[in-house]
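What follows is a single structure, written as structure tokens, with notes after it.
As the structure is a computational prediction, the values presented were derived from the model and not from experiment.
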Amino acid sequence: MPAELNIDPHLWLEDVAGEAPLEWVRRQNAVSEAELEATPHYAALHARLKTILNSQDRIPYVSLHEGYYYNFWRDAVHVRGIWRRTTPEQFLLPEPAWDTVLDIDALAAAEDENWVWAGASFLHRSTRCLLSLSRGGGDACVLREFDVGTRSFVDGGFTLPEAKSRAAWIDRDTLFIATDFGPGSMTSSGYPRIVKEWRRGTPLEQAATVFEGEPDDLAVGAAKDFTPGHEFQLIWRSMSFYTNELYLRDGATLTRVDKPDDATAYTVRDQLIIELRSEWMVDGVRYPQGALLAADFRSHLLGERAFAVLFTPTPTSSLDGVSATRSALLLNELDNVKNRITELRHVDGAWQRRTVDAPAFGTLDASALDSIDSDDYFLTVTDFLTPTTLYLARAGSDERVRLKSLPAFFDAAPYRVQQLHATSADGTAVPYFVVSGRDAAPGAERPALLYGYGGFEVSLKPFYSAVTGSAWLEQGGIYVLANIRGGGEFGPRWHQAALKEHRQRAFDDFIAVAEDLAARGLSSPRRLGIMGGSNGGLLVGAVMAQRPELFGAVVCQVPLLDMRRYHQLLAGASWMGEYGDPDDPAQWAYIERYSPYQNVRAAGRYPRVLLTTSTRDDRVHPGHARKMAALMQDQGHDVLYWENTEGGHAGAANNAQQAQMWALTYAFLLKQLA
């Protein structure tokens with residue numbers, strides 16, 4: 001590697017909590033806030049977004065445990081939030097009676113900690129759970145045992161210090177634990193590589209090792225299925241983001257489950273379910289990429305290879321998710337970026353299939369309430385202009401009960417949704433959605449915001465956003481959602497088409513959508529803004545560097561930008577399966593061509609950029625955004641930078657911070673484009 005590539009004058013900004021970098025952050029924040037908060041739009045946007053984010057009319061999404069619906073809720077009064085519960089009967093009412101289980105604001109004040117809620121994991125048929133609490137919103141959490149019956153932490157209960165831990169119940173007195181056990185116990189990606197069995201009342205140091213991965217693995221973990229008669233203990237080892245091994249633990253014996261390394265496998269009662277990312281040839285039978293297979297688990301372990309094919313993709317369809325109720329599998333299928341639900345039942349050794357009569361538009365999500373004891377599931381229905389609605393449904397029936405719905409936070413009547421296609425550089429048709437005014441005539445040059453992601457097999461689907469509607473559509477803007485390669489909209493093939501040396505295809509797709517918007521007269525380069533976060537931040541950074549003349553503004557959120565060093569920063573090593581290894585000269589040769597930090601030039605003319613991140617983001621290092629801002633400013637480019645001191649990878653830790661972040665973002669876009 002040439003020595004000059006390792007010379008980085010802005011390396012000091014990678015010191016996350018260093019006084020000099022934080023002073024730089026404070027100066028940058030002051031400049032950005034002074035300018036954007038003084039714009040004509042900011043005050044009204046900020047007030048409106050705070051009202052939306054704190055609205056009591058939001059849907060309180062719940063999970064079921066032992067006859068209660070549990071919900072975590074933040075609003076203007078409960079800034080950090082409350083964990084609360086109600087009964088299913090109460091939840092049917094317009095205003096349920098909630099019972100507070102734990103007040104995070106009160107806990108943070110009493111313990112003088114900056115606690116941010118990160119979830120709870122219940123023991124089956126018990127009042128005990130493991131709470132995850134983050135300091136400031138990062139991925140690393142403190143784990144503490146809690147009893148919802150007594151509303152208190154368990155005296156002498158299971159507790160783990162702050163780490164990127166994974167814990168799962170085996171029984172009331174035993175856990176699977178994967179955490180930071182000391183030197184050599186974490187992978188190069190910063191996740192646990194050792195699973196242990198920890199018994200109550202014994203020191204963590206005495207926990208018995210169950211499994212060890214390799215230092216260069218991504219992570220390891222373990223879990224127990226509590227389904228009666230099928231209480232399997234399963235260990236998984238992720239060698240990379242897309243490859244893994246699965247083991248059955250039976251006493252002291254570990255049996256590896258035969259499957260392709262890049263397939264995902266899990267058990268549902270007596271069945272082994274396998275989701276294929278690549279074609280698999282077994283005993284002369286070809287199972288296609290993107291298919292879903294099922295087999296009797298015990299027979300499979302004994303060497304039998306008899307698979308039922310539960311789903312086969314088509315050129316326009318893919319599997320978007322699987323959820324298991326007590327007696328059925330719910331397949332969420334995506335066809336041309338629109339969902340449908342299929343129900344499967346395993347009866348007398350054969351699979352019976354039924355299409356669920358659900359709304360045939362937009363986005364659907366089916367989520368089982370309790371895969372062991374119930375056939376009920378939640379069905380969520382949404383699209384760009386229809387407020388999200390939550391239904392209670394039951395496997396075997398098309399009848400459903402409407403539980404909750406968002407109010408219409410903005411008037412949808414003036415708008416329409418179109419699904420259009422652009423042609424990428426290699427001739428591939430790339431779909432995208434446009435939400436615009438019904439009276440938007442071609443050539444009107446309305447301000448448009450183009451959003452994309454294009455990575456990690458993540459599908460971008462229609463969604464209802466009160467923030468986007470109020471802060472952008474109602475201000476006269478057009479919203480565009482691009483379904484570029486690298487995502488999962490058309491299954492593994494769509495994702496793998498933009499992996500590693502093919503990454504440029506994702507950027508070409510996004511550029512093609514931008515060009516198509518101009519060709520159709522829907523917008524123009526001076527009125528077109530682009531926005532993306534995380535991998536999407538890399539996307540907008542790369543296309544800005546490659547085709548700056550196409551855009552009028554760039555919002556780059558919690559981004560990856562320095563692809564020379566990404567694998568050395570926080571969880572970055574875990575993404576080499578997506579991007580490649582910069583230390584390999586052959587792979588750096590293609591990464592270098594698009595890495596934004598290495599490709600912006602003093603002589604370039606770039607659209608104005610707003611870079612945002614979080615000090616507490618322990619997934620994508622804030623150094624990416626810091627260094628990019630400093631470099632471009634040194635080169636003489638007009639760049640604004642804003643860093644929230646809390647929030648983790650989400651960028652904000654509470655509703656007030658979200659309101660500020662989004663108000664600054666849309667004030668910037670409106671100033672630059674409108």
Any side-chain donor near an acceptor of the partner, [X] and [Y], under 3.5 Å:
X      : Y      : result
Asn244 : Ser238 : no
Tyr247 : Glu245 : yes
Arg353 : Thr342 : no
His495 : Glu578 : yes
Asn336 : Glu489 : no
Arg485 : Thr428 : yes

Name the orientation class of the two ring planes belonging to [X] and [Y] (parallel below 30°, tilted from 30 to 60°, perpendicular beyond 60°).
X      : Y      : answer
Phe232 : His230 : tilted
Tyr453 : Phe456 : tilted
Phe122 : His65  : parallel
Phe153 : Phe146 : perpendicular

Donor-acceptor contact below 3.5 Å, side chain [X] vs main chain [Y]:
X      : Y      : answer
Arg493 : Pro315 : yes
Asn655 : Leu53  : yes
Ser397 : Arg394 : no
Asn71  : Ser63  : no
Trp198 : Phe158 : no
Ser55  : Asp57  : yes
Ser278 : Gln289 : no
Asp383 : Phe463 : no
Ser317 : Asp335 : no
Thr314 : Thr316 : yes

How many angstroms lie between atom [atom1] of [X] and atom [atom2] of [Y], to the nearest 0.5 angstrom?
X      : Y      : atom1 : atom2 : result
Asp365 : Asn339 : CG    : CG    : 8.0 Å
Ser367 : Asp376 : OG    : CG    : 12.0 Å
His649 : Ser534 : NE2   : OG    : 3.0 Å

Report the residue from Trp83, Trp117, Trp98 that forms a ring-ring contact (aromatic ring centres under 6.0 Å, His included) with Tyr70.
->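 The residue from Trp83, Trp117, Trp98 that satisfies ring-ring contact (aromatic ring centres under 6.0 Å, His included) with Tyr70 turns out to be Trp83.
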Have a look at Phe410 and tell me which of Tyr479, Phe384, Tyr464 forms a ring-ring contact (aromatic ring centres under 6.0 Å, His included) with it.
->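 Option passing the ring-ring contact (aromatic ring centres under 6.0 Å, His included) with Phe410: Tyr464.
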Working for salt bridge (Lys or Arg N to Asp or Glu O under 4.0 Å), residues Arg286 and Glu279 | CA-CA 7 Å; Arg286 184 186 72 86; Glu279 180 181 287; 3.1 Å; yes
Could you walk me through whether His78 and Phe72 pass the ring-ring contact (aromatic ring centres under 6.0 Å, His included) test, one step at a time?
-> CA-CA 10 Å; His78 308 100; Phe72 185 74; 9.8 Å; no
Can you tell me if CD on Gln56 sees more than 12 non-hydrogen neighbours from other groups inside 6.0 Å?
->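 Atom CD in Gln56 is packed in, count exceeds 12.
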Check the pair Val435, Leu385 against side chain to side chain contact (heavy atoms under 4.5 Å, CB included), reporting the backbone distance first and the verdict last.
-> CA-CA 9 Å; Val435 188; Leu385 301 178; 3.9 Å; yes
Kindly indicate whether the side chain of [X], heavy atoms from C-beta on, has any atom under 4.5 Å from the side chain of [Y].
X      : Y      : value
Phe226 : Trp169 : yes
Thr388 : Thr380 : yes
Leu276 : Tyr287 : yes

Non-hydrogen atoms of [X] and [Y] that approach each other most closely:
X      : Y      : result
Ala120 : Leu131 : CB-CD2, 3.5 Å
Glu343 : Ala395 : OE1-CA, 3.5 Å
Pro431 : Gln419 : CB-NE2, 4.1 Å
Ser165 : Pro192 : CA-CG, 4.4 Å
Ser189 : Asp217 : OG-O, 4.2 Å

Is it true that Tyr242 and Trp575 have ring centroids separated by less than 6.0 Å?
->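 They do not qualify: ring centres at least 6.0 Å apart.
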Steps toward side chain to side chain donor-acceptor pair (under 3.5 Å) verdict (Asp250, Thr253) = CA-CA 5 Å; Asp250 188 0; Thr253 302; over 6 Å; no
Do NZ/NE/NH1/NH2 and the carboxylate oxygens of Glu457 and Arg277 come within less than 4.0 Å?
->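 Yes, Glu457 and Arg277 are salt-bridged.
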Within 45° of the ring axis of Trp73 and under 6.0 Å from its six-membered ring centre, is that where the NZ or CZ of Arg84 lies?
->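 Yes, a cation-pi geometry holds between Arg84 and Trp73.
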Centre of Phe433's six-membered ring, under 6.0 Å away, within 45 degrees of the axis: is that where NZ or CZ of Lys461 sits?
->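 No - Lys461 does not lie over the ring of Phe433 by the 6.0 Å and 45° rule.
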Criterion salt bridge (Lys or Arg N to Asp or Glu O under 4.0 Å) on Arg354 and Asp398, from CA distance to verdict = CA-CA 10 Å; Arg354 189 180 76 87; Asp398 287 327; 2.8 Å; yes
Audit row: His300, Gln271, side chain to side chain donor-acceptor pair (under 3.5 Å) steps and yes/no | CA-CA 9 Å; His300 186 83; Gln271 295 291 295; over 6 Å; no
Candidate pair Lys224 and Asp171, rule salt bridge (Lys or Arg N to Asp or Glu O under 4.0 Å), full reasoning = CA-CA 9 Å; Lys224 177 183 174 181; Asp171 56 42; over 6 Å; no
Go through the steps to decide whether Ser374 and Arg326 satisfy the test side chain to side chain donor-acceptor pair (under 3.5 Å), and finish with yes or no.
-> CA-CA 5 Å; Ser374 174; Arg326 178 179 57 195; over 6 Å; no
List the steps, then state whether side chain to side chain contact (heavy atoms under 4.5 Å, CB included) holds for Ser323 with Leu329.
-> CA-CA 6 Å; Ser323 186; Leu329 281 182; over 6 Å; no
Arg256 vs Asp261, salt bridge (Lys or Arg N to Asp or Glu O under 4.0 Å): CA-CA, chis, key distance, verdict | CA-CA 11 Å; Arg256 183 174 170 180; Asp261 281 352; 3.0 Å; yes
Using the side chain to side chain contact (heavy atoms under 4.5 Å, CB included) rule, pick out the option among Thr174, Asp173, Leu175 that qualifies with Arg200.
->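 For Arg200, the side chain to side chain contact (heavy atoms under 4.5 Å, CB included) test succeeds with only one of Thr174, Asp173, Leu175, which is Asp173.
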Applying side chain to side chain contact (heavy atoms under 4.5 Å, CB included) between Phe297 and each of Thr267, Asp270, Ile273, report the one that passes.
->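 Between Phe297 and the candidates, side chain to side chain contact (heavy atoms under 4.5 Å, CB included) is satisfied uniquely by Thr267.
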Take Thr325 and Asp375 through the test side chain to side chain donor-acceptor pair (under 3.5 Å) and record every step on the way to the result.
-> CA-CA 5 Å; Thr325 73; Asp375 268 325; 2.7 Å; yes
